[in-house]
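Before any comments, here is the structure.
Counting begins at 1 with the first residue of the sequence. The figures that follow rest on heavy atoms only: side chains count, while hydrogens, waters and symmetry mates do not.
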Amino acid sequence: ATTEIYTLSLHDALPILQIEQFSDILEWTANYHKALAEQLYCCCKKTDLNKLVLDYLAMHENHLSKLILAFKNLGKTGELDTYFVEYINDKPDIPLLCPPNLDDCTTYEQVIEHVMKRHQQIIELFSYLRKQMVVGHQIELLDSILETEQQEIKIMAHGINRAHEL
């Protein structure tokens with residue numbers, strides 16, 4: 001059995017991704033960041049939202065999508081072929097299964113809160129998967145991904161705070 005995850009953008013549905021292997025998780029996460037970027041770009045069109053910060057966040061999400069995909073090149077032979085399906089199926093409460101949706105966010109603060117919450121959920125997912133690993137190289141790769149996600153959320157928060165100061 002596989003876990004089907006629907007990742008939707010505001011306009012288009014990304015393909016259903018069958019989470020079976022480590023490489024699937026990386027692709028899904030990259031696509032999730034990309035879908036969130038698309039939604040942030042759409043939010044920029046709303047007149048009552050801080051367009052500069054939302055544009056910054058959207059660009060940052062696109063950048064993060066590319067960083068996550070780059071981890072596929074760092075994986076050792078066979079490492080990305082590890083089956084994760086049992087880990088995902090054993091954790092049915094993964095909140096990340098919900099597609100990113102900013103349609104209900106009417107204020108700038110709600111958008112920021114939503115984005116930060118989604119990032120925290122991605123970190124929780126990778127933290128959970130990290131605890132399941134026993135192979136050293138896989139642990140190192142997941143540690144690197146977690147560090148990247150955690151560092152990038154700090155960078156985003158710092159950028160948001162700097163924009164508030166302007």
Derivation of the side-chain contact (heavy atoms from CB on, under 4.5 Å) call for Q120 and I123: CA-CA 5 Å; Q120 191 57 44; I123 290 168; 4.1 Å; yes
side-chain contact (heavy atoms from CB on, under 4.5 Å) assessment of L64 paired with T148: CA-CA 9 Å; L64 191 48; T148 299; 4.2 Å; yes
Stepwise side-chain contact (heavy atoms from CB on, under 4.5 Å) check, Y32 with I68: CA-CA 11 Å; Y32 197 88; I68 295 298; over 6 Å; no
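Residue Y41 is found in a hydrophobic cluster whose other members, listed by chain and number, are M59; membership requires side-chain heavy atoms under 4.5 Å apart, directly or through intermediates.
The two residues S65 and A30 make their nearest non-hydrogen contact at OG-O, 2.8 Å. A pairwise comparison of heavy atoms in L26 and L69 identifies O-CD2, 4.5 Å as the closest pair. Residues M116 and I153 come closest through the heavy atom pair SD-CG1, 3.5 Å. Closest non-hydrogen pair, A37 versus A58, comes out as CB-O, 3.4 Å.
Screening I160, L40, V111 against V53 for a side-chain contact (heavy atoms from CB on, under 4.5 Å) leaves a single residue, I160. E61 pairs with exactly one of K34, R118, H119 by the side chain to side chain donor-acceptor pair (under 3.5 Å) rule, that one being H119.
The distance from atom CZ of F126 to atom CD of E147, rounded to the nearest 0.5 Å, is 14.0 Å. Note that CG of L141 is 11.5 Å distant from CG of L129, once rounded to the nearest 0.5 Å. Atom-to-atom distance recorded for I139:CD1 and L146:CG is 12.0 Å, nearest 0.5 angstrom.
A 4.5 Å side-chain heavy-atom check between L36 and L57 finds every atom pair outside the cut-off. Residues F22 and L142 are in side-chain contact: their nearest non-hydrogen atoms beyond the backbone lie under 4.5 Å apart. Residues H33 and L67 have side chains not in contact (no heavy-atom distance under 4.5 Å, counting atoms from C-beta outward).
Atom CD of Q110 has more than 12 heavy atoms from other residues, nucleotides or ligands within 6.0 Å.
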